[in-house]
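Reviewing the structure listed below.
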Amino acid sequence: MTTYVYSFERGDGKNKMLLGGKGANLAEMTQIGLNVPPGFTITTEACLAYLEHDALPDGVMDEVRTAMCELEEKTGRGFGSKTNPLLVSVRSGSAMSMPGMMDTILNLGLNAETLEGLIHQTDNPRFGYDAWRRFIQLYGKIALGVPDELFDEAMNELKQKVGAKQDVDLTGPQLKELAQSYVGIVEKHTGHPFPTDPMQQLEMAIAAVFRSWMGKRAVDYRRQFKITPEMANGTAVNVCTMVFGNMGNDSATGVGFTRNPATGENVIFGEYLTNAQGEDVVAGIRTPKPIAEMALEMPRLHAELMDLRNKLERHYKEIQDFEFTIEKGRLYALQTRNGKMNARAMVVTSVEMANEGVITREQALLRANPALLEQLMVPTLAPGSNAVSLATGLPASPGAASGRVVFDADTAEARGKLGEKIILVREETKPEDIHGFFAAEGILTARGGKTSHAAVVARGMGKPCVSGCAAIQIDVHARKARVGEAEFVEGDVITIDGTTGKVYAGRIPTVEAEFFGELQTLLEWADEAATLKVRANADTPNDAARAKRFGAVGIGLCRTERMFNDPGRLPVVQEMILADTPEERQSALDRLLPFQREDFKGIFRAMAGLPVTVRLLDPPIHEFLPTASQLEFEIDHLRNLKRAVRGMNELPETLRMLDPELHHAYVDSLDHLNANLVEYEHQHRFDALISRREAMLRKVHALHEVNPMLGHRGVRLGLTNPEIYTMQIRALFEAAAGCMREGVTVNAEIMVPQVCTREELVRVKAIFDTELDRVTALLGERPHVRFGTMIEVVRACMRAGSLAQIAEFFSFGTNDLTQATFSFSREDAENKFLPFYQETKILRENPFEVLDVKGVGRLMQMAVQWGREVRPDLKVGICGEQGGQPDSVRFCHAIGLDYVSCSAPRVPIARLAAAQAKLREKEYSTTVFD
Ligand code: ADP
Ligand code: MG
Ligand code: MG
């Protein structure tokens with residue numbers, strides 16, 4: 001017989017799949033002696049069975065009744081008792097934390113009779129009616145499907161009628177009246193009397209919580225955060241004895257983090273509200289007080305809370321996010337889980353906890369998800385912008401963002417889809433707003449603390465949030481908000497700074513974040529632990545310098561075509577392409593050479609002895625010419641204008657009048673014309689402009705390819721037009737020799753793109769050798785430059801052994817290799833069918849973002865093996881985009897690559913991922929290809 005129910009004393013604190021995170025930790029906390037109200041957990045297995053059969057499985061309610069009897073014994077109260085009633089909460093909780101996505105019902109077990117008992121027992125009618133109205137609302141909403149607004153409206157009506165600002169201003173009799181109207185609302189909406197039998201209430205509540213697993217909110221959340229059934233399958237239900245934070249001013253409820261989850265600072269961080277129950281703190285009903293204040297208000301309890309905090313952290317060896325309630329001076333722990341924190345806090349606490357000896361350095365390195373580090377690149381407001389803030393709220397989630405004000409989640413989603421940048425501005429947020437968070441750049445709320453729903457969710461997503469900004473008055477219906485003097489309508493732009501809590505009108509420039517000490521330390525530890533090196537892709541000296549700041553130990557890919565595309569050089573490149581004679585072509589190349597040489601020198605200087613891998617020209621040559629339609633358009637216009645200006649003197653003015661579009665096409669040439677030129681010169685000038693474009697057009701037609709990505713490019717172009725590679729190789733050697741003379745150490749590598757046969761490499765190597773000798777003879781320095789190949793063609797993988805006879809290194813170009821392996825052209829795939837493939841799970845991931853281990857990875861693994869059989873010291877790296885993706889980094893480590901190369905901002909991610917790959921090496925399964 002399956003056991004479906006475990007008391008907190010008996011549950012296995014490690015088994016989150018079965019008990020859910022909340023249930024497992026309630027068991028764990030109970031078992032290490034913390035003060036948890038007695039209770040029990042109904043397993044996720046029961047949930048799955050319920051969802052499958054639409055009925056609770058046999059025996060569950062029997063076990064629940066037995067467990068309730070035990071609770072009655074432990075608490076000395078009776079479930080349904082008129083004199084000493086036991087009340088419980090019925091709480092959801094799955095293996096993965098999904099804050100606010102599922103439901104919890106408080107104060108269950110109340111009916112007219114137990115309510116009398118509760119009032120009698122506590123001698124506090126106001127408290128009794130408060131608990132009663134909360135129960136009816138939660139139960140009505142969750143178990144019976146009554147819309148929340150109906151209750152909110154009744155509450156607001158009553159508040160207005162009696163002139164109360166907050167719910168705490170309502171008196172006992174007023175709350176009684178409210179509860180009665182709530183009962184009316186439920187009965188009217190459902191057409192049935194409100195259920196009075198506590199056991200029936202319990203059974204329906206359990207079923208409702210199980211159903212909330214499949215509620216829209218929860219399903220959306222799982223999809224967004226890619227929570228699969230292997231990670232969390234079903235929710236457990238926790239039935240927990242109620243303790244009351246709303247029994248008066250010696251009672252309170254609160255939430256805390258053992259350390260500050262925004263900065264990582266080793267100081268308890270949290271908020272509490274006196275005389276309040278559960279949800280009040282997170283729902284932002286009143287703005288709560290920081291825990292520091294408790295030291296003055298209730299010093300003994302503050303000390304107990306510190307003790308609880310220390311015990312939690314020492315036991316879990318991880319920052320905890322916990323809930324507590326104080327009932328008449330007694331502190332209870334209601335929940336704990338590992339704290340979600342932003343990347344900065346993750347890094348700071350990792351380093352500090354390792355230094356404090358709470359965890360080891362290895363644990364510190366394994367603790368952070370490398371992808372999180374991307375958050376550290378969050379922008380902050382540019383210093384010296386001197387903008388004056390309109391209002392200040394709480395700094396709830398760091399980072400600065402600008403965007404258009406939107407007042408509800410649906411509009412945010414709709415406008416976000418159109419590519420607009422949105423700031424979601426709400427009175428307070430609720431879990432139903434989650435899709436608005438996804439669409440927004442940042443979130444601004446008028447109410448709620450640093451642990452409000454808005455703050456917690458935004459931090460989890462790494463989005464800026466300012467909460468509790470009381471100066472904002474929102475009129476959702478008029479789609480307007482007033483902030484002090486300023487008024488905003490929907491669509492106006494504002495900037496929020498979640499690091500300071502300030503709100504500004506308009507768009508304020510932002511800057512990228514800088515490396516801070518703890519990040520530096522953690523990444524140094526990572527470099528010590530890792531064997532896989534991290535290089536960066538960089539095309540200019542500036543990029544190279546930035547890559548080095550991010551900790552790259554070399555340039556894995558320096559694309560020379562970027563240098564060709566520079567506006568100052570493009571005309572020379574075009575001249576080379578258009579040249580009719582070898583002499584003309586050589587003359588253009590001779591002019592390009594010094595440019596390339598200086599580019600290379602700049603990069604060598606920036607990298608100062610670190611390896612720099614230069615790729616010879618790769619793209620098809622027509623990419624440096626305008627498109628045919630652009631040329632046709634220009635030729636047409638020039639012909640028309642030539643006709644129109646015949647006989648006119650005031651040429652430039654006339655032209656501008658005739659056609660402002662002209663500006664775009666050739667205003668540069670016109671500016672050189674003198675207004676007093678005689679007519680025939682105009683005509684001559686036009687003829688020159690036109691014939692140059694006609695020549696280009698002929699060339700464009702001649703170069704036209706059906707499938708340029710598979711066409712005349714890379715080494716194919718290099719060998720049919722050897723003077724281009726010759727120039728590039730010569731420029732590189734001259735740059736290297738020049739730098740050596742300056743005393744700069746050079747560690748350069750040349751690699752050939754698109755190679756598929758050994759013979760191609762042999763031919764380029766011949767140019768390489770000739771030029772090396774020539775430059776050595778000329779400059780008296782013999783630079784040491786390695787010669788290698790890109791591996792980005794399937795055939796190159798299959799012929800890796802023979803390529804390794806010539807190549808000293810391989811660099812996997814996994815963008816092209818992925819295209820070739822799948823026969824997907826990337827743009828077509830991503831625009832047309834990949835989203836469908838991913839949604840319908842034909843493919844799990846986009847293979848252009850996450851390396852396809854089974855196919856592309858298998859090719860890589862074979863190529864490495866075959867290459868090293870021929871050349872044991874063959875150096876191998878990857879320079880595709882996947883090189884900065886943690887799972888791909890792990891794979892690259894596993895197949896023995898020497899380095900990964902990625903864009904500069906991803907270098908920190910790859911460094912940490914490389915360390916983790918090494919530390920988790922043993923866990924890596926050899927079945928990845930199955
Ligand atoms: P969530 O997962 O959304 O946080 P919880 O199950 O933790 O939902 O409950 C919601 C709120 O109710 C929390 O603030 C919690 O502390 C409070 N709560 C839950 N059970 C009890 C209880 N037995 N006594 C007092 N407060 C409770
Ligand atoms: Mg909770
Ligand atoms: Mg390529």
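Order of appearance sets the numbers: ligands from 1, and atoms from 1 within every ligand.
- Salt-bridge formation is detected for the pair R65/D62: a Lys NZ or Arg NE/NH1/NH2 atom is positioned less than 4.0 Å from an Asp or Glu carboxylate oxygen.
- Put simply, T104 stays out of reach of the Mg ion (ligand 2), with no N, O or S atom under 2.8 Å from it.
- Between F437 and H453, a ring centre-to-centre spacing shorter than 6.0 Å is recorded.
- The 12-atom threshold is not exceeded at NZ of K82, counting heavy atoms of other residues, nucleotides or ligands nearer than 6.0 Å.
- With atom 22 (C) of ligand 1 as the reference point, the heavy atom nearest to it among M242, R337, H453 is part of M242.
- For ligand 1 and Q335, the ligand atoms under 4.0 Å from any heavy atom of the residue are 4 (O), 7 (O).
- Within the 3.5 Å criterion, the main-chain N or O of P195 finds a donor-acceptor partner in the side chain of Q201.
- Without hydrogens or angle criteria, T263 side chain to E265 main chain gives a donor-acceptor distance under 3.5 Å.
- Ligand 1 has no N or O atom lying under 3.5 Å from any N or O atom of L106, backbone or side chain.
- Residue K22 touches ligand 1 through its side chain alone, judged by heavy-atom distances below 4.0 Å.
- Of the options T104, L334, T235, T253, the smallest heavy-atom separation from atom 26 (N) of ligand 1 is shown by L334.
- A cation-pi arrangement, defined by a distance under 6.0 Å to the six-membered ring centre and an angle within 45 degrees of its axis, is absent between R217 and Y221.
- The parts of V243 lying near ligand 1 are both backbone and side chain, judged by heavy-atom distances below 4.0 Å.
- Under the 3.5 Å distance criterion, the side-chain polar atoms of R222 are matched with a main-chain donor or acceptor of W213.
- With respect to the Mg ion (ligand 2), E323 has OE2 as its nearest N, O or S atom.
- Proximity to T241 (heavy-atom distance under 4.0 Å) selects the following atoms of ligand 1: 22 (C), 23 (N).
- Set against the non-hydrogen atoms of S89, the atoms of ligand 1 under 4.0 Å away are 19 (C), 20 (N), 21 (C), 22 (C), 23 (N).
- Side-chain atoms of N84 come within 3.5 Å of backbone N or O of G76 as a donor-acceptor pair.
- For the residues M102, E323, R91, the heavy atom positioned nearest atom 13 (C) of ligand 1 is part of E323.
- The contact set between ligand 1 and C240, taken as ligand atoms under 4.0 Å from a residue heavy atom, comprises 23 (N).
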